[in-house]
Amino acid sequence: MTNNGDSPARVRFAPSPTGHLHLGGLRTALFDWLWARKTNGQFVLRIEDTDRKRFDPESLESLKNGLRWLGLEWDEGPEIGGPFGPYVQSQRQEIYREHAQELIDRGHAYRCYCTPERLASMREEQRRAGKSTGYDRHCRFLSDEEKRQRESEGAKSVIRLAVPLEGVTVFNDLLRGDIEVENRQLQDDVLLKADGLPTYHLAAMVDDKLMEITHVLRGEEWLATAPIHKLIVDAIGWEMPVLVHLPVILDPSGKGKMSKRKKLVAGKEFLALVHEFQDSGYLPDAMFNFLTNVGWNFDPEQEVFSREEAIERFSLEEINPSAAALPYEKLDWLNGLYIRELTPSALKSALLPFLSRQLGVSETDLISDRKLDVLIPVIQERIKRLDEAAGWIDWAYQDSDAISYPGPKLLIGRKLDAAQSVDMLRSGAQLLTEVEPFSAKAIHVAFREKAEELGVKAGSFFGPVRGAISGKKVSPPLFESIEALGRQETLQRIKHAVAYLEAHGATESG
RNA sequence: GCCCCCAUCGUCUAGAGGACUAGGACUCAGGCCUUUCAAGCCUGCAACAGGGGUUCGAAUCCCCUUGGGGGUACCA
């Protein structure tokens, strides 16, 4: 029964388009994809749009974008088709209806005429009586006479599964083994709704069979309904696919299932939706690496690995059945690692949309901007997310007179007073008017020599200049920054800083 | 309430009866390096939920308790 990885598996990711894809869903898809690739099988994308009330047309794009972003191309499904289509459940209504009818014919299902109102009041009564809620099977034992009566009245009906009144249902979960549930704990769940559309229970079982799915990977929230699925499959006379219930992903707080809402934990905002991670500048490769190691472990001694390595080693049996919270800090660390491994030009193109948006400069202007070529290599090891780059270099995109100093202190070197700092700035300016070529390297050498000549520490000398050109106390390495800015602009800023210090610095000292 | 699942450092995890003085990673702390900030390197803090069994021997197997999670819809 267990597929150990040699025979090609057919797995499916079957999201319902009711909202944006979140990381839990993406992780399920990732494991699906990994298993399909590992076994040289197929990864099928199926859209479970049987809930007309919650349907959100935009979410379909979000879903597909998320999968593609991570590099999880599907072998069959929407847009590309395949031999088992259609892959959208709303286009398969007739198939479900036939199977529901077959179930009725065989005595495993029945029509229920109960109104939503009756069901609601029934539940209300059950609750009041302190009993557990559940359908009371009112219509299951209707006489033929009564049924004819309802039909002639034109009463709306649903089709419910006739769960055996006694006995136990046993199903197998690959990670947890056999699980037994007493049938009296089960409900006569609805299979076909009044609008003619199936519920998940029916639709998923029918499609998994018809699409020849061998392994079902799904969230643990489905574990409780697995007996129902086993009953349905048994009733039709089919075999169950291998079931693998993936552990739920918890909120960063470790409390409760991760929701699609942003959560504030310890004052920090945590992301949950795939597009949010995309917009924050997480790299697909980093996310792939990260997600693969939640619920499964590549190698306890090796945190970083490629997709190919992951495919090679992945196995279903090794999946950890216990729920896990996402280690966000580890994601940031990994993302920084992947950013550092990029070539400067690859990083530049990855950065373009972020910089353009945050700096207000068009992408085409940025592509030809020489400043970026100098600055990107030096901020590469300083950012963990792509959206952090702008904060490191925004000063280079402001006009010199737009640079505002928060106070004289920024321009005063360590262990120096304002007057001495002015001297430092002037020395620097003098150096910069003469240095040739105007490159980080040459500037560095000149500044070093000057610091020695003046008998001051490098930090005392460089600090005021850094403040002068960037308006910040923390900035990218000084000499690359100066090179990026260019001689004229740098001198301009130093001049401004000197003027500022002379006007405001009299009373201050370092 | 009832049913089901789960349980190793703060977090992600390794561990499938003796190789465990419980390993790795992130975070955090300290140090080195250093023009700020990073990156890098080194060191350190930190866990088998509790109680009973089984066994010569238990983080590993069984039971109970506790804790956490999921389900309890004409949602998926």
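Per chain, numbering begins at 1; letters A, B, ... match sequence-line order. All values below were derived from every heavy atom in this structure, side-chain atoms included, with hydrogens, water molecules and symmetry-related copies excluded.
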Report task. State whether A:Asn320 places a side-chain N or O below 4.0 Å from either non-bridging phosphate oxygen (OP1 or OP2) of B:A14. Result -> yes

Requested in this report: Using heavy atoms to find the nearest nucleotide of RNA chain B for A:Gln185 and A:Phe462 separately, return the residue whose nucleotide is more 5′.
Outcome: A:Gln185

Query raised in the report: Which whole number of Å gives the distance between the C1' atom of B:A58 and that of B:C41?
Result: 39 Å

Query raised in the report: Which of the following nucleotides, B:U36, B:C12, B:A14, is nearest to the side chain of A:Asn297?
Result: B:A14

**Report entry** Proximity to the side chain of A:Trp333 - top-ranked nucleotide from B:U27, B:U11, B:U36
**Finding:** B:U27

Query raised in the report: Ion pair present between A:Glu303 and A:Lys330, side-chain N to carboxylate O less than 4.0 angstrom?
Result: yes

Query raised in the report: Is there a salt bridge (Lys or Arg N to Asp or Glu O under 4.0 Å) between A:Glu48 and A:Arg46 once you walk through the steps?
Result: CA-CA 6 Å; A:Glu48 309 218 328; A:Arg46 184 174 74 215; 2.8 Å; yes

Query raised in the report: When every nucleotide of nucleotides 70-76 of chain B is labelled 5' to 3' by its protein contacts under 4.0 Å (heavy atoms), B for base, S for sugar-phosphate only, - for none, what sequence of letters results?
Result: SSSSBBB

**Report entry** Counter-base of B:G67, judged by Watson-Crick or G-U geometry with both distances under 3.5 Å
**Finding:** B:C6

Query raised in the report: Using the P atom in both, what is the distance from B:C26 to B:U43, to the nearest Å?
Result: 13 Å

Query raised in the report: Can you check salt bridge (Lys or Arg N to Asp or Glu O under 4.0 Å) on A:Glu453 and A:Lys450, steps first, answer last?
Result: CA-CA 5 Å; A:Glu453 182 191 321; A:Lys450 191 66 176 178; 3.3 Å; yes

Requested in this report: Determine the Euclidean distance between corresponding P atoms of B:C61 and B:G40; express it in Å to zero decimal places.
Outcome: 38 Å

Query - Contact under 4.0 Å: A:Arg340 side-chain N or O vs B:G40 OP1/OP2 - result: yes

Query - Cation over ring face, A:Arg111 and A:Tyr113, 6.0 Å, 45° - result: no

Query - Closest non-hydrogen atom pair between A:Lys193 and A:Thr50, with its separation - result: NZ-O, 2.7 Å

Report task. Name the nucleic acid region contacted by A:Ser322, choosing base, sugar-phosphate or nothing; use a 4.0 angstrom heavy-atom cut-off, strictly under. Result -> sugar-phosphate

Query raised in the report: When the P atoms of B:U72 and B:A29 are considered, how many whole Å apart are they?
Result: 44 Å

Requested in this report: Select base, sugar-phosphate, or nothing to describe what A:Pro227 touches, counting heavy atoms under 4.0 Å on all strands.
Outcome: nothing

Query raised in the report: When the P atoms of B:A73 and B:A59 are considered, how many whole Å apart are they?
Result: 43 Å

Query raised in the report: Between A:Gly295 and A:Lys131, who's closer to the 5' end of RNA chain B by nearest nucleotide?
Result: A:Lys131

Query raised in the report: B:C37, B:U36, B:A14: which one has an atom nearest the side-chain heavy atoms of A:Pro300?
Result: B:A14

Report task. Using the C1' atoms only, state how far B:C2 lies from B:C62, rounded to an integer number of Å. Result -> 25 Å

**Report entry** Whole-angstrom distance between B:G69 and B:U11, as gauged at atom P
**Finding:** 13 Å

Report task. State the pairing partner of B:U34; accept Watson-Crick or G-U wobble contacts with both distances under 3.5 Å, and report none otherwise. Result -> none

**Report entry** Counter-base of B:G1, judged by Watson-Crick or G-U geometry with both distances under 3.5 Å
**Finding:** B:U72

Query raised in the report: With a 4.0 Å cut-off on heavy atoms, is A:Phe479 in touch with a base, just the backbone sugar-phosphate, or nothing at all?
Result: base

Query raised in the report: Is the distance between the ring centroids of A:Phe298 and A:Phe314 under 6.0 Å?
Result: no

Query raised in the report: A:Arg176 has a side chain; which of B:U11, B:C6, B:U36 sits nearest to it?
Result: B:C6

Query raised in the report: Under 3.5 Å, side chain of A:Arg123 to main-chain N/O of A:Gly134, donor-acceptor pair present?
Result: no

Query raised in the report: Is any NZ, NE, NH1 or NH2 atom of the basic residue among A:Arg385 and A:Asp332 found under 4.0 Å from an Asp or Glu carboxylate oxygen of the other?
Result: no

Query raised in the report: Any luck finding a side-chain donor-acceptor pair between A:Asp207 and A:Tyr96 under 3.5 Å?
Result: yes

Query - Whole-angstrom distance between B:U60 and B:A47, as gauged at atom C1' - result: 15 Å

Query - Opposite nucleotide pairing with B:G57, Watson-Crick or G-U, both atom distances under 3.5 Å - result: none

Query - Distance below 4.0 Å between A:Lys384 side-chain N/O and B:A39 OP1 or OP2 - result: yes

